[in-house]
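Just so it is clear, the model here is predicted, and its values are computed rather than measured.
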Amino acid sequence: QVQLVESGGGLVQPGGSLRLSCLASGLTFSRYAMSWYRQAPGKERELVAAITSSGGSTNYADSMKGRFAISRDNAKKQVYLQMNSLKPEDTAVYYCRGQREGGGIWFAEDIYWGQGTQVTVSS
């Protein structure tokens with residue numbers, strides 16, 4: 001069974017840093033583009049960052065550019081989100097997402113989500 005498990009969330013002070021991890025199992029990780037989304041109470045889920053299956057390309061939401069960095073280790077079947085200069089508005093549940101991708105084709109039938117990990121930025 002496909003499973004994505006996030007870890008690394010917690011309580012941090014404004015300006016602090018945190019690194020989230022997502023461990024994948026039950027899939028060929030190197031064939032999946034990975035991304036991080038977040039959802040704050042009362043708000044819609046939004047994209048944070050994404051990385052292609054090979055790790056050759058990344059993209060970020062504008063509010064996260066320069067502060068967050070996504071990376072992956074295909075040998076370990078993990079994707080990471082390094083978060084720096086955290087702000088209270090970054091408080092949300094962060095979700096790991098995988099979508100099979102290759103040769104410019106994105107497969108809608110192979111999309112998976114993790115359960116999420118809570119990040120709280122507060123003094």
Side-chain angles (χ1 to χ4, degrees):
Q1 294 182 344
V2 173
Q3 191 170 66
L4 302 177
V5 181
E6 302 96 335
S7 62
L11 174 64
V12 296
Q13 295 184 358
S17 298
L18 208 59
R19 190 173 89 147
L20 306 182
S21 299
C22 174
L23 176 63
S25 61
L27 53 75
T28 304
F29 186 72
S30 61
R31 296 178 184 175
Y32 282 74
M34 303 298 296
S35 59
W36 290 93
Y37 284 71
R38 71 184 185 186
Q39 188 167 27
K43 295 186 177 181
E44 294 186 354
R45 192 170 297 186
E46 64 174 342
L47 174 70
V48 175
I51 187 167
T52 54
S53 58
S54 68
S57 182
T58 60
N59 77 281
Y60 301 88
D62 287 343
S63 63
M64 269 68 79
K65 273 187 175 178
R67 297 191 300 124
F68 291 6
I70 189 170
S71 61
R72 67 189 295 158
D73 186 332
N74 283 355
K76 295 182 178 180
K77 302 180 72 172
Q78 292 193 37
V79 62
Y80 310 97
L81 182 68
Q82 179 66 46
M83 304 185 293
N84 300 319
S85 301
L86 285 163
K87 306 173 182 179
E89 50 263 45
D90 294 320
T91 296
V93 177
Y94 284 71
Y95 297 91
C96 178
R97 177 187 188 268
Q99 181 172 14
R100 188 159 63 91
E101 167 267 317
I105 302 173
W106 297 71
F107 298 90
E109 67 270 27
D110 290 304
I111 298 174
Y112 303 97
W113 292 87
Q115 295 280 54
T117 185
Q118 176 72 47
V119 172
T120 302
V121 185
S122 177
S123 59

Would [X] and [Y] show up in the same hydrophobic cluster when neighbours are defined by side-chain heavy atoms closer than 4.5 Å?
X	Y	result
Tyr32	Val2	yes
Tyr37	Ile51	no
Val93	Tyr112	no
Leu23	Leu27	no

Gln78 side, atom CD; Asp73 side, atom CG - distance, nearest 0.5 Å: 7.0 Å
Ala40 to Ala92 - nearest heavy-atom pair and separation: N-CB, 3.8 Å
Test: Arg72 cationic atom under 6.0 Å from Phe29 six-membered ring centre, within 45° of axis: yes
Has [X] got more than 12 heavy atoms of other residues, nucleotides or ligands less than 6.0 Å from its [atom1]?
X	atom1	answer
Gln118	CD	yes
Glu109	CD	yes
Glu89	CD	yes

With side chains defined as the heavy atoms from C-beta onward, is the minimum distance between [X] and [Y] less than 4.5 Å?
X	Y	answer
Arg100	Ile105	no
Tyr80	Ser21	yes
Met34	Leu4	yes
Ser122	Thr91	no
Arg45	Arg97	no

Residues Tyr94, Glu6; criterion side-chain contact (heavy atoms from CB on, under 4.5 Å); working and verdict: CA-CA 8 Å; Tyr94 284 71; Glu6 302 96 335; over 6 Å; no
Tyr95 and Trp113 aromatic ring geometry - parallel, tilted or perpendicular at 30°/60° bounds: perpendicular
Trace of the salt bridge (Lys or Arg N to Asp or Glu O under 4.0 Å) decision for Arg67 with Asp90: CA-CA 11 Å; Arg67 297 191 300 124; Asp90 294 320; 2.8 Å; yes
Derivation and outcome, side-chain contact (heavy atoms from CB on, under 4.5 Å), residues Val48 and Ile70: CA-CA 9 Å; Val48 175; Ile70 189 170; over 6 Å; no
